[in-house]
Visitor: 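Just passing along the structure, written as structure tokens.
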Amino acid sequence: MIAALLFLLAVTTAAPKGQPLSGAALDAKTTEVASLLRCPVCQGMSIADSPSEMAVNMKHQVNAMLAQGYTRDQILDYFEKSYGQFVLLKPKFRGVNTLVWILPILAIAIGFAIVIKRLLPAARGEGGRRPDEGVEVMEENPPSPPISAAAGSFAGSGRSILIAIPAALLAFGAWYLVQPKQTPEPPPQAAEPIVAVDPVHRLEETVRQFPDNLPARVDLAKLYFDRNNLMGVFEQTQYVLERTPDDPRALTYQAFVRIGMGQRDNAAKLLTRATAIDPSLTDAWVGIAWIKTREGLPAEAQAAIAEAVRRHPEDASRLQRVYADMQQRKN
Amino acid sequence: MNRKVLVIGSVLAAALVIILFAGLGKDPQAIDSPLIGRPAPPFALRAVGSGETINLEQFKGRPVVLNFWATWCVPCFEEHPILVANARALQPNVQFLGVVFQDNEERIQKFLDDRGRAYPTVVDDAGKTAIAYGVGGVPETFFLDASGTIVAKYAGPLTDAQLQTNLEKAMKR
């Protein structure tokens with residue numbers, strides 16, 4: 001109770017500026033605000049999209065503040081005070097960020113200016129030779145005074161263009177920046193995942209939409225492990241094991257995290273349990289072989305690999321390579 | 001014209017090199033937090049073991065090393081002995097406090113039993129304190145001066161030298 005109270009004091013000293021929300025309006029607004037905040041432990045995902053525990057905690061925080069009547073801007077300010085502008089998926093137009101908005105426009109404007117400046121002398125040189133302007137071609141003679149005047153006039157208008165185009169671009173940039181920005185729509189519930197190419201993103205999206213899809217969580221744990229994201233492996237396998245403590249794949253990947261943490265005994269117990277439940281689990285046998293190798297028990301390591309080969313003879317050569325690699329790494 | 005382009009190009013390239021060079025000199029783990037220079041967000045959390053409530057306020061008057069960690073975090077294993085050794089040497093003049101989040105108490109107890117304890121550890125159940133401190137991952141360590149102001153933040157496992165350097169900032173004020 002005291003903790004909750006102190007936390008509320010920490011949240012902000014300002015009073016809520018909006019109306020407390022509840023029910024469907026609260027859920028919709030939570031998703032809207034959450035989609036504007038970056039998940040600090042993910043890669044470019046909002047906390048609305050991320051299944052990570054950190055993002056879920058942050059989303060609960062957004063929900064609690066909206067229920068108390070804090071507005072979107074107050075909530076974004078609160079997170080910005082803790083995490084800095086990094087947490088805002090859309091950086092604000094201020095400070096160093098101003099450069100991010102202005103530099104591209106400026107670069108385009110300068111590019112235009114350079115192109116026109118380069119084209120101008122060429123255009124001036126050809127000005128007297130264009131029959132459609134009613135000027136006669138006089139190769140030997142210098143251009144007559146009216147022709148020089150025409151060229152000069154073109155040069156004058158070129159200089160105006162040099163100023164006008166960058167000015168117009170800058171004006172457009174300024175106009176764009178001061179436009180009231182529309183609130184992004186909450187992500188549609190049944191829509192196809194936006195990033196469907198990356199299997200991690202696809203599984204993260206599946207898990208977000210269907211938190212109790214345990215096989216998807218185990219698959220995600222495997223992919224996280226492949227990408228060396230032990231925290232992700234831990235979170236996903238923990239979720240699965242709390243619901244189905246005998247899931248052999250979850251036990252296996254949880255064991256891998258334990259190996260990473262130096263808890264070899266715990267890992268060995270988990271892997272033994274996993275292979276007892278599903279003896280065909282190659283990853284679990286490889287895990288056991290790794291532990292035995294580290295413990296200086298090559299015969300037992302080889303026995304574990306042999307068991308995996310017996311179950312999956314089609315995988316024999318790969319498993320032998322894995323075993324050889326283990327023995328090398330041991331040294 | 002070419003000379004002008006050369007001069008402008010050289011100036012821009014030199015500016016870029018200076019910016020990059022300045023960046024190279026920085027420790028990438030020393031994160032600029034918007035909380036630096038501001039009062040540390042208050043909290044009152046349950047202590048592991050005793051179950052009593054520990055309030056950050058009670059440590060006002062001495063520098064505090066506030067370490068966010070978890071038992072599933074491999075780098076936390078590396079820095080734990082350093083924190084314990086420094087806490088044993090510096091307490092009570094400097095207060096060390098561990099905040100664990102996304103974890104369970106049984107595992108925390110086991111970790112501390114196995115690896116030693118020298119200062120209180122509290123549990124941040126819903127991660128609210130971590131959010132208030134802008135914690136993105138563990139370990140992250142905040143250094144508070146005697147008035148309760150955050151003077152430094154370090155992301156990643158601390159070495160003895162890094163701990164001492166940051167602690168000096170907290171002691172100076």
Side-chain angles (χ1 to χ4, degrees), chain A residues 1-13 37-42 47 52-62 64-65 77-87 110 114 117-118 121 228-235 237-238 242 254 257-263 265-266, chain B residues 1 4-5 8 12 19 31-36 38-47 52-57 68 70-78 80 101-104 107 110-111 114-115 122-138 140 142 150 153 155:
Chain A
M1 192 66 189
I2 294 169
L5 183 65
L6 276 167
F7 173 69
L8 287 179
L9 288 173
V11 165
T12 173
T13 48
L37 290 165
R38 186 193 303 275
C39 162
V41 294
C42 317
I47 59 168
S52 79
E53 199 170 336
M54 174 62 83
V56 170
N57 286 341
M58 288 170 79
K59 208 156 70 176
H60 286 157
Q61 187 55 45
V62 170
M65 291 177 79
D77 276 352
Y78 165 67
F79 279 94
E80 193 191 339
K81 276 177 189 160
S82 303
Y83 287 93
Q85 284 206 41
F86 158 82
V87 81
I110 290 169
I114 291 169
K117 208 169 177 186
R118 292 251 163 161
N228 213 13
N229 175 359
L230 286 187
M231 183 174 162
V233 180
F234 181 83
E235 278 183 16
T237 53
Q238 195 65 16
E242 278 166 8
Q254 171 91 194
V257 177
R258 302 287 164 184
I259 292 173
M261 291 162 66
Q263 299 176 3
D265 292 347
N266 273 344
Chain B
M1 173 66 185
K4 219 188 257 179
V5 170
I8 294 171
L12 288 176
I19 290 169
I31 304 283
D32 283 337
S33 164
L35 291 169
I36 291 171
R38 300 170 61 147
F43 60 80
L45 296 170
R46 189 183 75 253
E52 66 177 283
T53 300
I54 290 186
N55 189 330
L56 183 64
E57 274 289 299
F68 286 84
T71 60
W72 43 261
C73 144
V74 179
C76 301
F77 285 66
E78 293 170 29
H80 187 73
F101 77 112
Q102 297 177 4
D103 218 321
N104 96 20
R107 282 197 295 265
K110 174 87 169 61
F111 180 101
D114 290 349
R115 293 163 195 276
V122 292
V123 187
D124 182 18
D125 281 325
K128 289 179 175 176
T129 302
I131 293 172
Y133 278 80
V135 172
V138 279
E140 277 189 20
F142 292 81
I150 296 175
K153 171 183 175 178

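Per chain, numbering begins at 1; letters A, B, ... match sequence-line order. Note that the structure is predicted; figures quoted are calculated from it, not measured.
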Visitor: Would you say the side-chain atoms of S82(A) pair up with the backbone N or O of Y133(B), donor to acceptor, closer than 3.5 Å?
Guide: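 No: the side chain of S82(A) does not pair with the backbone of Y133(B).
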
Visitor: Decide yes or no for F111(B) and Q263(A): does some side-chain heavy atom of the first lie under 4.5 Å from some side-chain heavy atom of the second?
Guide: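 No, too far: nothing below the 4.5 Å cut-off.
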
Visitor: Atom NZ of K110(B) and atom CG of N266(A): how far apart are they, to the nearest 0.5 Å?
Guide: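 Nearest 0.5 Å value for the NZ-CG distance: 6.5 Å.
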
Visitor: What distance separates I110(A) CD1 from I8(B) CD1, expressed to the nearest 0.5 Å?
Guide: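 Reported value, rounded in 0.5 Å steps: 9.0 Å.
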
Visitor: Rounded to the nearest 0.5 Å, how far does CG of N104(B) lie from CD of Q238(A)?
Guide: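 Spacing of CD (Q238(A)) from CG (N104(B)) equals 7.5 Å.
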
Visitor: What option among Y83(A), F79(A), F86(A) has the most heavy-atom pairs under 4.5 Å with chain B?
Guide: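 Between Y83(A), F79(A), F86(A), the count favours Y83(A).
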
Visitor: Is there side-chain contact between Q102(B) and N57(A), with heavy atoms separated by less than 4.5 Å?
Guide: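 Result yes, sub-4.5 Å side-chain heavy-atom pair found.
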
Visitor: Of all heavy-atom pairs between G84(A) and P34(B), which one has the smallest distance, and what is that distance?
Guide: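 Minimum heavy-atom contact is N-CG, 3.2 Å.
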
Visitor: Verify side-chain contact (heavy atoms from CB on, under 4.5 Å) between Y78(A) and I131(B), making sure each step is shown before the conclusion.
Guide: CA-CA 10 Å; Y78(A) 165 67; I131(B) 293 172; 4.0 Å; yes

Visitor: Go through the atoms of R38(B) and report whether side chain, backbone, both or neither lie under 4.5 Å from a heavy atom of chain A.
Guide: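 Just the side chain, heavy atoms under 4.5 Å.
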
Visitor: Under 4.5 Å between any side-chain heavy atoms of F101(B) and M54(A), yes or no?
Guide: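 Yes, at least one pair of side-chain atoms sits under 4.5 Å.
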
Visitor: Out of A130(B), G127(B), A126(B), G137(B), return the one with the most heavy atom pairs under 4.5 angstrom to chain A.
Guide: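 It is A126(B).
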
